[in-house]
Protein chains: 2
Amino acid sequence: MSPTNPAANRPARTNGKVTVIEVAAEAGVSVSAVSRAFNPNGSCSDKMRKKVFKAAEKIGYKPNRLARGLKSRSSLIGILVTDFDNPAYLAILSDFTSAIQKRNCHSLLINASQQLNIAEAVELVMQYQVDGLIVTSTTLPQRLVEACQKQNTPVVIFGRRSRENLATVVCCDNVINGRMAADLLLDAGYHYPAFVGGPIGVSTTTDRQRGFINRLIQRGCDHWTVCEGGRHSYDAGFEATCKLFRARDRPDAIFYADDIMACGGMDAIRYELGLRVPEDVGIIGVDDIRLASSRAYNLTTIRQPFSDMVNTTVDALFEHIHNKDLPPKHITMPCTLIVRSSTRAPGIGAAQN
Amino acid sequence: MSPTNPAANRPARTNGKVTVIEVAAEAGVSVSAVSRAFNPNGSCSDKMRKKVFKAAEKIGYKPNRLARGLKSRSSLIGILVTDFDNPAYLAILSDFTSAIQKRNCHSLLINASQQLNIAEAVELVMQYQVDGLIVTSTTLPQRLVEACQKQNTPVVIFGRRSRENLATVVCCDNVINGRMAADLLLDAGYHYPAFVGGPIGVSTTTDRQRGFINRLIQRGCDHWTVCEGGRHSYDAGFEATCKLFRARDRPDAIFYADDIMACGGMDAIRYELGLRVPEDVGIIGVDDIRLASSRAYNLTTIRQPFSDMVNTTVDALFEHIHNKDLPPKHITMPCTLIVRSSTRAPGIGAAQN
DNA sequence: CGACTATCTGAAAACGTTTGCATCATGTCA
DNA sequence: TGACATGATGCAAACGTTTTCAGATAGTCG
């Protein structure tokens, strides 16, 4: 019971678990000293820190993040995912978790695609006192964004623009993307373009369609058609394409809202309809998923810079976390046209234009 | 200060957050009553529960899962993922999160593919006091499994068998899968089979290889070759295949450790080498990812029942959570051969055998 | 050598729950 | 009617941290 060892006379409750208390006892310092030693910005001398670490190491102490989260930050980031169909999301998830881990936080992954609606998902994730929330491939009703803000939890929306200016958004300008697709197809001499969309009412799809169609009209193309696509999946693309070709006026070029749909569509055109790509039908998608650059598809597409978008999203989220009254902002990332062999080279067959 | 309202005279600390204390005050009951009302197996009358819920609803109370986790379960399940290359994992993740959410728990997703090694990943996830841990596409060193068990956290390993019998494992018998592939190729009259593997030292790959080669030998085929594949990716399959065909003895059939590698390989064979599938080269993969059934690839493969495997894994994990001294078990799920058009029909060209 | 900072350190009060124990109704049975 | 079991309720002590506040310990400067 020496006076230099203030924790020694504390009853050592040794019920298995090793906590700060045990570390304090072992190192002969106070509990607060241990806490500070483990906190990067705790005021604590080097000697103390070394002593504490040594004791902690010796008795195998690991901090309890739940307990820590009760007083300070949980270091949990919620990731809300609704679209598990789009193959691009595997790399996106990998990048998100990785970027979050780099900041010594971790990812609470919520699947809002099936049983859960978005409101329930948000409520659940908030129960874990997440430090921030990333919402992917869907937009958040104003009401929910406000609910998060009331709890002081910043939200960043990934990949969808949202009408209200409440939350920070990272996405691409899909109207421009639609325009790019229209220009490419017309330049390559296609005459009857079609658009195959994703889920109804989703801003990415509607924006792409709007940009596409408006540009067609603007350039004097008055012969086009549109097909609601359904899910972001191979099968949806396949079927939408078959449907498109059952009509009397068959398109000679298709802009798909999505690469995976474009792949399904290309297979329908080649193997179901027996037509050639790009000679008979030109195809262009969006995303540039891995499969797009495969030799089998070699798809012309508009690349979304997913990896950059993810990093930007996480950066923005942590900015908001560290500075709570930063105003929300809209960040638009540029897309690039990747011309491969699912469209004819510009100029060829363009005589009629 | 009526005697029927024990919480009314408690100082109402009203610092914004609404907690059990506020609910108790609102409902005029004790804090413990509120807690019990919110816990399905808390002893509590219907009248009380109704009263508490009404008060909670009125003032917008949401339980704090972090605080709850401090005393009882965290309702967090860790999911360790190392393989973000294999496209099958998107659906697997979707199924895992969904199955976990059905049990009113949530998924802490740890990416152990890049910066983090497995030991660090496990340690991190344990800091969140997860109720259980799912380890996918990798095995856990005995030391780590023991560390988890010491903390009373059950572990289930998904998709890999592990040498030690410490943790519960859900996987397929990949030796059998290798045998199936060998039989199919020999039956179809291929003579010089090759195996293209995934990452070195991974049990799935080595098992498939072993089953495959042993069966070839057993059936008198003494002409075969093997190629280490590298990652589970399209590019790895593509390149391994090119390498294979640069040798003097070109195989006429390839068993890939993985569908996505098989797709890369098929493209190499068709577009890089100018050979026909299945006439010149037969191809078989494992997994039956969505892409395998696309018209472009239409790949013969061995289907792993991923969805069932996920459910079995989660079932097993929760069994262990609820009954801590259940012994670990090995669960082997049956795979099915899906014959498509990347292999010749059995019998054709089999004269030489 | 004394006063004054600057830096470390410790005690104790949170953080929001759950739960063991004690109490108190309420109903049951002889 | 009294003894007793049953179930609902409240009190208060955990759970493992962080953090405020105050005290102690050097360090600096005149």
Side-chain angles (χ1 to χ4, degrees), chain A residues 3-11 13-25 27-52 56 61-75 126-129 151-152, chain B residues 3-11 13-25 27-52 56 61-75 126-129 151-152:
Chain A
T4 59
N5 192 338
N9 45 14
R10 177 190 300 265
R13 54 172 158 141
T14 167
N15 32 347
K17 291 250 169 193
V18 27
T19 75
V20 271
I21 300 185
E22 281 75 41
V23 178
V29 300
S30 75
V31 173
S32 6
V34 177
S35 171
R36 276 191 283 258
F38 272 92
N39 254 289
N41 37 6
S43 133
C44 170
S45 69
D46 285 358
K47 211 192 324 175
M48 170 66 90
R49 189 158 273 146
K50 210 164 289 174
K51 189 161 54 167
V52 169
Y61 167 74
K62 301 288 172 239
N64 179 333
R65 295 234 189 188
L66 250 40
R68 173 179 300 183
L70 207 51
K71 277 294 284 185
S72 64
R73 295 232 170 85
S74 68
S75 56
M126 297 300 286
Q127 291 187 6
Y128 285 97
Q129 319 297 114
Q151 284 204 43
N152 229 332
Chain B
T4 61
N5 193 339
N9 44 13
R10 175 189 301 262
R13 55 172 157 143
T14 167
N15 31 347
K17 291 250 170 193
V18 26
T19 74
V20 271
I21 300 184
E22 281 74 40
V23 178
V29 301
S30 76
V31 173
S32 8
V34 176
S35 171
R36 276 190 281 258
F38 272 92
N39 255 290
N41 37 6
S43 136
C44 171
S45 69
D46 285 359
K47 211 192 324 177
M48 168 67 88
R49 190 157 273 147
K50 210 165 288 174
K51 189 161 54 170
V52 169
Y61 166 75
K62 300 287 173 237
N64 179 331
R65 293 236 189 188
L66 250 41
R68 173 180 301 184
L70 208 49
K71 278 293 283 184
S72 63
R73 296 233 169 84
S74 68
S75 54
M126 297 300 286
Q127 290 186 7
Y128 285 97
Q129 320 295 113
Q151 284 204 42
N152 229 331

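All values derive from a computational prediction rather than experimental measurement. Residue numbers begin at 1 in each chain, while the letters A, B, ... track the order of the sequences.
- Listed by chain and residue number, Lys324(A) satisfy the side chain to side chain contact (heavy atoms under 4.5 Å, CB included) test with Asn152(A) (two or more places apart in sequence, or in another chain).
- Contacts of Ser72(B) classified as side chain to side chain contact (heavy atoms under 4.5 Å, CB included), with partners at least two apart in sequence or in another chain: Arg68(B).
- Rounded to 10 degrees, the angle separating the terminal helix axes of the helix from dC1(C)-dG30(D) to dA30(C)-dT1(D), each built from five base pairs, is 30°.
- For Lys62(B), the salt bridge (Lys or Arg N to Asp or Glu O under 4.0 Å) criterion is met by Glu123(A), not counting sequence neighbours.
- Atom pair Gln127(A):CD and dT17(C):P shows a separation of 10 Å (rounding to whole Å applied).
- Taking every heavy atom of residues 61-69 of chain B and every atom of DNA chain D, no pair lies under 4.0 Å.
- In this structure, Gln151(A) has no side chain to side chain donor-acceptor pair (under 3.5 Å) partners at least two apart in sequence or on a different chain.
- Residues Arg49(B) and Asn39(B) approach most closely at NH2-O, 3.3 Å, considering heavy atoms.
- Contact annotation: Thr19(B) side-chain N/O to dG16(C) OP1/OP2 distance is not under 4.0 Å.
- Taking CG from Asp46(B) and NZ from Lys51(B), the interatomic distance works out to 13.0 Å, rounded to the nearest 0.5 Å.
- Under the ring-ring contact (aromatic ring centres under 6.0 Å, His included) criterion, Phe38(A) pairs with Phe53(A), Tyr61(A), not counting sequence neighbours.
- Using a 4.0 Å cut-off on heavy atoms, the residues of residues 35-49 of chain B that approach DNA chain C are Ser35(B), Arg36(B), Asn39(B), listed by number.
- Atom CE of Met126(B) and atom C1' of dG16(D) are 16 Å apart (whole Å).
- For Ser75(B), the side chain to side chain donor-acceptor pair (under 3.5 Å) partners are Tyr128(A), Arg65(B), not counting sequence neighbours.
- Of all non-hydrogen atoms in Cys44(B) and Met48(B), the two that sit nearest each other are SG-CG, 3.5 Å.
- Taking only side-chain atoms of Ser32(B), from C-beta outward, the nucleotide of dG10(D), dG16(C), dC15(C) with the closest atom is dG10(D).
- Looking at the side chain of Ala33(A), the nearest of the listed nucleotides dT17(C), dG10(D), dG10(C) is dG10(C).
- Protein atom CD1 of Ile21(B) is 14 Å distant from nucleotide atom P of dG10(D), rounded to whole Å.
- Between Leu70(A) atom CG and dT18(C) atom P the separation is 12 Å, expressed in whole Å.
- By the 4.5 Å heavy-atom criterion applied to side chains, Thr19(A) and Val31(A) are not counted as neighbours.
- Between the CD atom of Gln129(B) and the OG atom of Ser74(B) there is a distance of 7.5 Å, given to the nearest 0.5 Å.
- Rounded to whole angstrom, the span from the CD atom of Gln151(A) across to the C1' atom of dG16(C) amounts to 13 Å.
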